[in-house]
Amino acid sequence: MSIKDNIKKVRDNVYEVPGSVNKKMRASGRLYLDDESFEALEDGAIDQIVNIACLPGVHRYAIGLPDIHFGYGFPIGGVAAFNEKNGIVSPGGVGFDINCGVRLIKTNLKQADIEDKLDELIEALFKNIPSGVGSKGKIKLKENEIDDVLNFGAEWAVENGYGWKEDLEVLEENGRIKEADSAKVSDKAKRRGIPQLGSLGSGNHFLEIQVVDEIYNDEVAGVYGLEKGMVVIMIHSGSRGCGHQVCSDYLRVMDKAYKNHQIDLADRQLACAPFDSREAQDYLKAMYAAANYAWANRQMMTHWIRETFEDILGKSAKDMEMDIVYDVAHNIAKQETHKFKGNDIKLVVHRKGATRAFGPGSEEIPEKYREVGQPVLIPGTMGTASYVLHGTQTAMEETFGSTAHGAGRVLSRSQAKKDYKPEEIKNTLAANGVKIRATTENVIAEEAPGAYKDVDSVVKISDSTGIAKLVAKVKPLAVTKG
DNA sequence: ATGTGC
């Protein structure tokens, strides 16, 4: 008997986990999957959806997105919203890499403009943007400056010469959540954050030079400033050791808190506290601070990417129109107001491996994108395509304005190393015309595309269910890996 | 993801 026997299909590519599977459930679950990925999904990830649906104040349903897979407490590729009145906040619902996210930068260059400079460009990017496990940034942050980074995020970066003032307009939250409070971040997290600011990280984090390969929606692509054949740059990076430490610190706090507040948990990894408790409020302020760190981090890398293109191509970044298209968070919880049965409900929306996909008219998105919905950036795996989608009204109604964030892992790192040889992967990439520069051979095997679910199908399910709609496909020309 | 184990 599998938990899947209890699940019924609601409509094409949407499954429901009934609230009756377990007596403790306070809501039902929803899974956005096609039949094939539903069959392939591990029961453990569905168990996690059931566990979340048992948490206090869970609103409507616990959601599994097309890239759902088993994670720490909460699945990755999931959304859960908890009512501020009687609900909880949980670090496991955000994950370790707070504000791991994606930024897309456009140019006015065509592939032909950079073709003979591509080797030089990727080599210089690899050199100018520190990457790898434990990598350190190249700036020397003063002890007291880390508080400004945590409290002001990308604003701090721009004020300190990293990038343009107008960059801030096209970042989720304008690159700074004002409720952040560095006083709630431990000294240990700050100590880890200080040397790492302005670095890419490792694993599936990357920096890619890409070309727009296909346009699915001319109108929206036009609004986002994208056209076929355009060279773009994508950054996939997070809050490094700083966010990791904030998560670890508050998991410990919450492990005590849930007992003190007498919250019944199906899994200790769901450790949480009531929204209005001191523990939850402290976590939110610290988590927002780590999110700000990640926005500052991507902002600094943006600056060095522009400098690198200027150096190699001999034109100014302004002349190359290296504007940011958008920047999205993939791991974050936010206080948001959502409509339900005609009422405004205040929720803490936990997105773990999920992209905000606010639809047309949302005041939270830049004015220039408001008529078409926000850009949704979904990275592929090494050497494969990435996608730009737009947020929709359907997402607002069904998924708290959220959609998938990428290709979920299907092989563990160790398994990937057994199954793939770095040399093979490099040859395959080369055959597809993709250049790669990585810190280690190891990471190339660990990040083999075969170790991940196909991003194309993830995006297709998002598009067909309407929780985000396709705008453009971009394909890599060259990639750097940490 | 991560000073890739406390």
Side-chain angles (χ1 to χ4, degrees), chain A residues 67-78 90-103 130-137 141 146 185-207 235-252 255 268-269 286-287 290-291 293-295 297-298 301 328-333 350-355 378-382 404-418 422 438-448 451-453 480-482:
Chain A
D67 50 353
I68 183 173
H69 60 281
F70 185 84
Y72 181 93
F74 292 62
I76 297 149
S90 178
V94 173
F96 280 88
D97 193 2
I98 295 164
N99 193 4
C100 175
V102 176
R103 176 177 296 207
S131 66
V133 181
S135 55
K136 292 178 176 174
L141 208 59
I146 188 66
V185 175
S186 69
D187 288 342
K188 194 175 178 187
K190 289 178 191 174
R191 268 206 308 279
R192 288 179 71 174
I194 287 169
Q196 294 185 331
L197 188 67
S199 67
L200 185 70
S202 70
N204 71 350
H205 288 166
F206 66 71
L207 205 159
I235 306 170
H236 182 199
S237 180
S239 52
R240 311 287 286 103
C242 180
H244 194 276
Q245 190 62 48
V246 167
C247 181
S248 300
D249 289 340
Y250 280 91
L251 278 171
R252 219 169 49 219
D255 196 55
R268 204 170 156 185
Q269 294 184 351
M287 184 266 295
Y293 179 100
W295 275 309
N297 198 30
R298 291 196 284 275
M301 290 189 272
V328 295
H330 282 164
N331 285 351
I332 201 162
H350 294 57
R351 295 190 182 89
K352 182 183 191 179
T355 316
I378 302 189
T381 55
M382 188 173 64
H405 84 306
R409 211 172 237 291
V410 288
L411 295 183
S412 68
R413 293 217 160 96
S414 52
Q415 191 60 46
K417 273 187 280 194
K418 284 180 198 155
T439 48
T440 64
E441 293 284 293
N442 239 352
V443 79
I444 298 179
E446 287 176 358
E447 296 301 316
Y452 286 86
K453 188 171 173 176
T480 81
K481 283 294 234 179

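Bear in mind the structure is a predicted one, so any value in this text is a computation, not a measurement. Reminder, nothing fancy here: chain letters follow the sequence lines and each chain counts from 1.
The distance from atom CD of A:Gln196 to atom P of B:dT2 is 8 Å, rounded to the nearest whole Å. Summarising the geometry, the separation between CG on A:Asp255 and P on B:dC6 is reported as 15 Å, rounded to the nearest angstrom. If you take CD of A:Gln245 and C1' of B:dT2, they are 10 Å apart, rounded to a whole angstrom. Separating the CG atom of A:Asp249 from the C1' atom of B:dC6 is a distance of 15 Å, rounded to the nearest angstrom. Per the geometry, CD belonging to A:Glu446 stands 12 Å off P belonging to B:dT2, to the nearest Å. The NZ atom of A:Lys481 sits 11 Å away from the P atom of B:dT2 (whole-angstrom rounding). Residue A:Tyr72 contributes atom OH, which lies 18 Å from atom P of B:dT2 at whole-angstrom precision. In this structure, A:Arg191 places its CZ atom 16 Å from C1' of B:dT2, rounding to the nearest Å.
With sequence neighbours left out, the side-chain hydrogen bond (donor to acceptor under 3.5 Å, both in side chains) criterion links A:Ser202 to no other residue. With sequence neighbours excluded, the residues satisfying ring pair (Phe, Tyr, Trp, His ring centres under 6.0 Å) with A:His205 are A:His236. In this structure, A:Thr439 has no side-chain hydrogen bond (donor to acceptor under 3.5 Å, both in side chains) partners at least two apart in sequence or on a different chain. Looking at residues two or more places apart in sequence or on another chain, you find a ring pair (Phe, Tyr, Trp, His ring centres under 6.0 Å) between A:Tyr250 and A:Tyr283. Every side-chain hydrogen bond (donor to acceptor under 3.5 Å, both in side chains) that A:Thr355 has, sequence neighbours left out, goes to A:His330.
Between A:Tyr72 and A:Phe96, the angle of the ring planes goes over 60°, which puts this pair in the perpendicular group of the 30/60° scheme.
A:Gly203 comes within 4.0 angstrom of sugar-phosphate atoms only, judged by non-hydrogen atoms across all strands, and of no base. Within 4.0 Å (heavy atoms only), A:Lys188 reaches at least one base atom of the nucleic acid.
Contact annotation: A:Ser202 side-chain N/O to B:dT2 OP1/OP2 distance is under 4.0 Å. Contact annotation: A:Arg413 does not reach the phosphate of B:dT4 (side-chain N/O to OP1 or OP2, under 4.0 Å).
Listed in residue order, the members of residues 92-101 of chain A having a heavy atom less than 4.0 Å from DNA chain B are A:Phe96, A:Asp97.
Across the interface with DNA chain B, nearest-nucleotide mapping of A:Arg409 and A:Val133 shows A:Arg409 to be the residue nearer the 5′ end.
Under the 3.5 Å distance criterion, with hydrogens and angles disregarded, no donor-acceptor pair is assigned to the side chains of A:Ser186 and A:Arg191.
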